[in-house]
Protein chains: 2
Amino acid sequence: MEHVAADADIAPVAALIADPTRAAILTALLGGQALAAGELARMAGVSAATASAHLSRLLDGGLVAVVRQGRHRYYRLAGHEIAEVLEVLARVGGRPAVRSLRQSRQARMLEEARTCYDHLAGRAGVGLFDRLREAGCLAGEEVTPEGERLLGGLGVDVEGARRARRRFAPECLDWTERRAHLGGALGAAITAVLFERGWYVRGPVPRTVNVTEEGREGLAALFSGKELTSHTPVT
Amino acid sequence: MEHVAADADIAPVAALIADPTRAAILTALLGGQALAAGELARMAGVSAATASAHLSRLLDGGLVAVVRQGRHRYYRLAGHEIAEVLEVLARVGGRPAVRSLRQSRQARMLEEARTCYDHLAGRAGVGLFDRLREAGCLAGEEVTPEGERLLGGLGVDVEGARRARRRFAPECLDWTERRAHLGGALGAAITAVLFERGWYVRGPVPRTVNVTEEGREGLAALFSGKELTSHTPVT
DNA sequence: CGCATCCTTCGACCTGCGACGAAACGTGCT
DNA sequence: AGCACGTTTCGTCGCAGGTCGAAGGATGCG
């Protein structure tokens with residue numbers, strides 16, 4: 001007989017994350033991209049059979065979702081709550097020792113700019129957040145009329161983000177920078193536009209992203225108060 | 001060779017939470033009270049030896065801290081980050097099936113009012129949060145001058161909370177109510193005052209709290225705009 | 001000083017589960 | 001149809017770690 005009060009069962013979820021191989025898989029998926037089972041196996045450094053077993057368990061547990069496309073099966077995190085769990089765990093987990101030179105290069109790229117499931121993090125993330133604040137776009141967890149104008153001009157659907165079922169514009173603080181960046185529905189919407197415009201592109205290392213030349217110019221123009229040139233979204 | 005980029009090691013932390021017995025211990029400690037090793041063993045339904053082994057590992061992992069007092073050893077969570085991890089995990093963990101009548105009573109009490117490590121949660125938590133908003137005390141993640149006056153009169157050290165290293169007034173949404181309540185440094189400061197004044201007291205079931213008669217009257221007076229009677233803090 | 005209480009350490013047992021290779025399954029290409 | 005490739009299933013091995021009882025400190029009480 002359990003004397004502890006009825007509570008959410010946290011152990012099963014934690015157990016799914018507790019295995020190093022599964023943790024590597026989940027961390028790889030934290031980039032926000034859906035990845036094929038084979039790629040995940042390679043990234044985690046295990047055989048295809050082993051990865052498959054892990055993915056099957058993660059699927060059962062509702063941590064990942066799968067979409068079949070031809071003979072590939074692309075896995076992604078099941079939702080932003082899952083990404084939040086991983087981020088919070090990373091925050092208490094502490095930074096690991098960096099071993100090889102190659103890893104230190106990758107680590108530097110991750111610190112520079114990366115995606116945190118569906119929004120921008122790292123130095124780029126906090127930089128963007130700071131610039132939005134300075135420009136008077138944000139007040140607490142709300143967007144000012146000024147911000148509405150600026151983001152609207154960029155092509156961000158602020159109203160749509162506000163109606164989303166998840167939190168609108170929470171500060172999300174990550175484990176590399178010790179400062180906050182913009183998460184939530186608004187952070188995701190802005191990041192989506194940045195990718196769509198080609199201002200940021202995904203880098204070779206799983207979660208990293210890079211700013212493009214257009215991105216550098218576009219962002220500079222955006223915050224210098226100039227109007228943007230007309231925007232032709234990619235279908 | 002690991003192909004995954006250098007990242008925080010989340011697996012070891014997750015592994016500590018992954019065991020059902022350790023999860024029960026951590027959940028019990030989520031009430032914010034320090035508990036003796038024996039009590040924790042009883043609550044988790046294991047022998048003293050087993051609990052001791054688990055507590056030792058949790059201590060190593062930095063998830064709990066211990067204070068020796070006579071022949072007792074009181075364990076508590078190591079910090080609010082740990083409580084945050086548990087809350088987030090509980091949110092994705094889903095609600096467990098309620099088995100006995102007794103558990104359903106306890107579950108109802110937990111939903112009514114409980115502590116979430118160091119701040120008020122459950123219906124009481126979201127109620128307080130809503131009333132503070134309605135009274136115009138909060139704007140986004142900031143406190144208005146009006147709020148400063150009202151909370152100051154209550155005896156809350158708003159300035160002290162603002163200087164704390166943790167987030168000031170984040171919304172913390174929990175797994176029973178699907179709404180937000182007040183967490184962070186400010187939430188903790190307010191809750192501390194509520195206990196100090198005797199407006200809330202801890203209930204018999206681990207994480208539950210109960211509002212007292214004084215509490216009901218005091219809160220009503222507070223939000224009806226009246227000034228409070230002078231406050232004599234408990235040493 | 002000796003006993004009771006609380007907690008930890010030790011030794012032994014046993015279950016759970018993560019690892020792989022080989023083979024089966026399903027899909028796309030020619 | 002037949003082959004190639006990505007993925008899952010199956011069978012098996014081996015080890016990590018959770019559990020308990022009993023014994024060994026440590027602390028408070030009379």
Side-chain angles (χ1 to χ4, degrees), chain A residues 1-4 9-29 33-76, chain B residues 1-4 9-29 33-78:
Chain A
M1 147 103 81
E2 294 280 301
H3 283 99
V4 74
D9 269 354
I10 61 178
V13 196
L16 285 175
I17 311 177
D19 177 74
T21 301
R22 282 195 295 266
I25 289 176
L26 290 169
T27 304
L29 291 176
Q33 254 188 142
L35 297 172
E39 290 181 277
L40 290 169
R42 192 179 47 80
M43 286 185 196
V46 293
S47 74
T50 303
S52 178
H54 285 303
L55 287 169
S56 163
R57 294 194 56 184
L58 290 173
L59 200 58
D60 274 355
L63 294 201
V64 304
V66 65
V67 45
R68 307 181 40 160
Q69 212 166 99
R71 50 187 168 188
H72 298 266
R73 297 203 180 173
Y74 289 97
Y75 288 88
R76 59 177 175 78
Chain B
M1 146 100 81
E2 293 279 298
H3 285 99
V4 74
D9 270 354
I10 61 178
V13 196
L16 286 175
I17 311 177
D19 177 74
T21 301
R22 283 195 295 267
I25 289 176
L26 291 169
T27 304
L29 291 175
Q33 256 187 139
L35 297 172
E39 289 181 276
L40 290 169
R42 191 178 49 78
M43 287 186 197
V46 294
S47 74
T50 303
S52 179
H54 285 303
L55 287 168
S56 163
R57 294 195 53 184
L58 290 173
L59 200 57
D60 275 354
L63 293 201
V64 304
V66 63
V67 44
R68 306 181 43 158
Q69 211 168 98
R71 50 188 166 184
H72 298 267
R73 299 203 180 174
Y74 290 97
Y75 287 87
R76 59 176 175 79
L77 293 188

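These values consider heavy atoms only, across backbone and side chains, with no hydrogens, waters or symmetry-generated copies. Letters go in sequence order (proteins before strands), and every chain restarts at 1.
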Reading 5' to 3' through nucleotides 25-30 of chain D, protein heavy-atom contacts under 4.0 Å coded B for base, S for sugar-phosphate only, - for none: -SBS--
Expected output: side-chain A:Ser52 to main-chain A:Ala48 donor-acceptor under 3.5 Å: no
Between C:dC7 (P) and B:Ile25 (CD1): distance, integer Å: 12 Å
Non-hydrogen atoms of A:Ala65 and A:Leu59 that approach each other most closely: CA-CD1, 4.0 Å
Heavy-atom closest contact (A:Leu29 atom, A:Gln33 atom, distance): CD2-O, 3.8 Å
Minimal non-hydrogen separation, B:Leu77 against B:Leu26, with atom names: CD2-CD2, 3.8 Å
Nucleotide nearest B:His72 when distance is taken to its side chain, options C:dC7, D:dT7, C:dA19: C:dC7
Sugar-phosphate, base or nothing in reach of A:Tyr75, heavy atoms under 4.0 Å: sugar-phosphate
Partner residues of B:Thr50 under the side chain to side chain donor-acceptor pair (under 3.5 Å) criterion, sequence neighbours left out: B:Ser47
Candidates C:dC20, C:dG18, C:dC7 - which lies nearest the side chain of A:Asp19: C:dG18
Nucleic acid contacts of residues 48-62 of chain B, taken as heavy-atom distances under 4.0 Å to DNA chain C: B:Ala48, B:Ala49, B:Ser52
Overall bend - the helix from C:dC1-D:dG30 to C:dT30-D:dA1, comparing terminal axes fitted on five pairs, nearest 10 degrees: 30°
Nucleic acid contacts of residues 10-17 of chain A, taken as heavy-atom distances under 4.0 Å to DNA chain C: none
A:Ala18: partners by side chain to side chain contact (heavy atoms under 4.5 Å, CB included), with sequence neighbours left out: B:Ala14, B:Ala15, B:Ala18
Whole-Å gap separating P (C:dG16) and CZ (A:Arg22): 16 Å
Donor-acceptor contact present, side-chain A:Arg22 to main-chain A:Leu16, <3.5 Å: yes
Euclidean distance, A:Ile25 CD1 relative to A:Leu63 CG, rounded to 0.5 Å: 11.5 Å
side-chain hydrogen bond (donor to acceptor under 3.5 Å, both in side chains): pairs with one or both residues in residues 56-76 of chain A, sequence neighbours excluded: none
Residue pair A:Ala28 / A:Leu35: nearest heavy atoms and the distance that separates them: O-CD1, 4.1 Å
Minimal non-hydrogen separation, B:Ile10 against A:Thr27, with atom names: CD1-OG1, 4.0 Å
